[in-house]
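Encoded as structure tokens, the structure appears first; notes follow it.
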Amino acid sequence: MIQRKQTVYLLLALAALIVCLCLPIGKLTGNSLGATASVYNIGIFAQGKLAAHPLLFVDIVIAASLTLIDIFLYNKRKLQIGICVANIVLCLAWYGYYAFMALAGFKSLGTFSISFAACLPFVAIVLFILARNGIKADENLLKSMDRIR
């Protein structure tokens, strides 16, 4: 059902989450070896080695998977609304853990700077809210049509 506007919002949110998975979400400078390290959702990549911190990765993968499932549940609008709310909560949890890692977790490793990809879950949150509102409008329209019959 690509013609529904909420499906487009969900596809754009899925794209934002996938791009966030692929791009670095931060940079560590001035760590113990003086080199810069890139922070990805799956961990810290420095000097050809990866130090895994997979909680951010798992959170985004679950949100992206739920979004993909949500796209194909166009007949079950109440379930779609619930999955949109769950995705919003997952993205907020991602930001909570990201803030914890940026403020406390990376403190001993060096100076942390935020990258562009860290704003993409926020974009996904906005798109999830728009999709939820569109799904709710469809549900209200169907209820009003049933009342007319």
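Please read these numbers as outputs of a predicted model, since none were measured by experiment. The chain is numbered in sequence order, starting from 1.
Scanning for side chain to side chain donor-acceptor pair (under 3.5 Å) contacts around Asp70 gives an empty result, with sequence neighbours left out. Listed by chain and number, the residues in a side-chain contact (heavy atoms from CB on, under 4.5 Å) with Phe57 are Leu21, Asn41, Ile42, Val61 (sequence neighbours excluded). Partners of Tyr98 according to the ring pair (Phe, Tyr, Trp, His ring centres under 6.0 Å) rule, which considers only residues two or more places apart in sequence or in another chain, are Trp94, Phe112.
Counting heavy atoms from C-beta outward, Val39 and His53 have side chains that stay 4.5 Å or more apart. Using a 4.5 Å heavy-atom threshold, the side chains of Leu10 and Cys84 count as touching. Thr36 is not listed as a side-chain neighbour of Leu28, based on a closest heavy-atom distance of 4.5 Å or more.
When the side chains of ILVMFWY residues are joined at heavy-atom separations under 4.5 Å, either directly or via intervening members, Val89 and Tyr95 end up in two distinct hydrophobic clusters. Taking hydrophobic clusters as Ile, Leu, Val, Met, Phe, Trp and Tyr residues chained together by side-chain heavy-atom distances below 4.5 Å, Val85 does not share a cluster with Tyr9. Ile114 is not connected to Val19 by any chain of hydrophobic side-chain contacts under 4.5 Å among Ile, Leu, Val, Met, Phe, Trp and Tyr, and they are in different clusters. Linking Ile, Leu, Val, Met, Phe, Trp and Tyr whenever their side-chain heavy atoms come within less than 4.5 Å leaves Ile81 and Ile88 in two separate clusters.
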### Derivation of the side-chain contact (heavy atoms from CB on, under 4.5 Å) call for Ile25 and Cys20
CA-CA 7 Å; Ile25 56 173; Cys20 182; 4.1 Å; yes
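In this structure, Thr7 OG1 and Ile71 CD1 are separated by 7.0 Å, a value rounded to the nearest 0.5 Å.
Val58 belongs to a hydrophobic cluster with Ile62, Leu66, Ile69, Leu73, Leu79, Ile83, Leu90, counting contacts under 4.5 Å between side-chain heavy atoms of Ile, Leu, Val, Met, Phe, Trp and Tyr, direct or through other members.
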Sequence neighbours left out, cut at 3.5 Å: what donor-acceptor pairs do the side chains of residues 116-136 make with other protein atoms?
unit_1	atom_1	unit_2	atom_2	d
Asn133	ND2	Ile129	O	3.4

